[in-house]
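What follows is one structure encoded as structure tokens, with my remarks underneath.
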Amino acid sequence: VVTYVNGSNIDVRASGAPVGKAMLTIYNLDGRKIAGKVILLTKEQSTYSIAKPLQPGIYLVRISGAAGSFYNGTIAVF
């Protein structure tokens, strides 16, 4: 899994995920949900985008589905 800022979005590139619906969520370091989006995970490499938070800082990125959490990471937004 690779997470990066791409213009006004945060992109998460993933492969080998359990297939099915999942939630891509951004949290601040206090644990408050900033944004969330339903995505469809595939076994192939796919890129999922979500709006970048407006405030600079460090954010937690999580992808979770019926099988549990697939990815937990951090990203710096400037």
Side-chain angles (χ1 to χ4, degrees):
V1 176
V2 177
T3 305
Y4 55 96
V5 174
N6 183 12
S8 62
N9 292 319
I10 292 175
D11 288 350
V12 180
R13 188 172 59 220
S15 61
V19 175
K21 284 186 181 179
M23 188 73 169
L24 171 58
T25 313
I26 306 293
Y27 298 92
N28 67 12
L29 290 180
D30 294 331
R32 187 171 56 93
K33 181 179 172 181
I34 302 299
K37 177 181 181 180
V38 175
I39 59 174
L40 182 61
L41 295 173
T42 64
K43 290 237 180 254
E44 295 79 30
Q45 180 172 301
S46 297
T47 300
Y48 309 98
S49 295
I50 192 166
K52 179 178 81 173
L54 298 176
Q55 297 296 319
I58 305 293
Y59 292 90
L60 307 174
V61 179
R62 174 178 287 159
I63 299 176
S64 55
S69 184
F70 169 70
Y71 174 74
N72 291 298
T74 57
I75 189 162
V77 173
F78 299 102

Linked hydrophobic residues, Leu54 as query - side chain contacts closer than 4.5 Å: none
Residues that Asp30 engages under side chain to side chain donor-acceptor pair (under 3.5 Å), provided they are two or more places apart: none
By side chain to side chain donor-acceptor pair (under 3.5 Å) - contacts of Asn28 (at least two apart): none
Sequence neighbours excluded and cut-off under 3.5 Å, please list the side-chain donor-acceptor pairs for residues 38-48, or say none.
from	atom 1	to	atom 2	distance (Å)
Thr42	OG1	Glu44	O	3.1
Thr42	OG1	Ser46	OG	3.0
Tyr48	OH	Leu40	O	3.3

Can you check whether Ile26 reaches Pro53 side chain to side chain, under 4.5 Å on heavy atoms? yes
Using side-chain contact (heavy atoms from CB on, under 4.5 Å) as the criterion, point out the one residue from Val12, Leu24, Thr25 that pairs with Ile50. Leu24
Got a sec, which residues hit side chain to side chain contact (heavy atoms under 4.5 Å, CB included) with Leu29, two or more places apart in sequence or on another chain? Ile58, Leu60
May I ask you to test the Ile10-Val77 pair for a side-chain heavy-atom distance under 4.5 Å? yes
I'd like to know if Tyr27 and Val5 are part of one continuous hydrophobic network [Ile/Leu/Val/Met/Phe/Trp/Tyr, side-chain heavy atoms within less than 4.5 Å]. no
Determine the minimum heavy-atom distance between Ala14 and Val1, stating which atoms define it. CB-CG2, 4.0 Å
Anything under 3.5 Å between a donor and an acceptor, one on a side chain of residues 64-71, the other on a protein residue two or more places apart or in another chain? List them.
from	atom 1	to	atom 2	distance (Å)
Ser69	OG	Asn72	OD1	3.4
Ser69	OG	Asn72	ND2	2.9
Tyr71	OH	Thr3	OG1	3.0

Whichever hydrophobic residues join Tyr4 through chains of side-chain contacts under 4.5 Å: Val2
I'd like to check the side chain to side chain donor-acceptor pair (under 3.5 Å) partners of Ser15; sequence neighbours left out, ordered by chain and number. none
Determine which pairs satisfy side-chain hydrogen bond (donor to acceptor under 3.5 Å, both in side chains) with at least one residue from residues 31-40, sequence neighbours left out, and list them in order. none
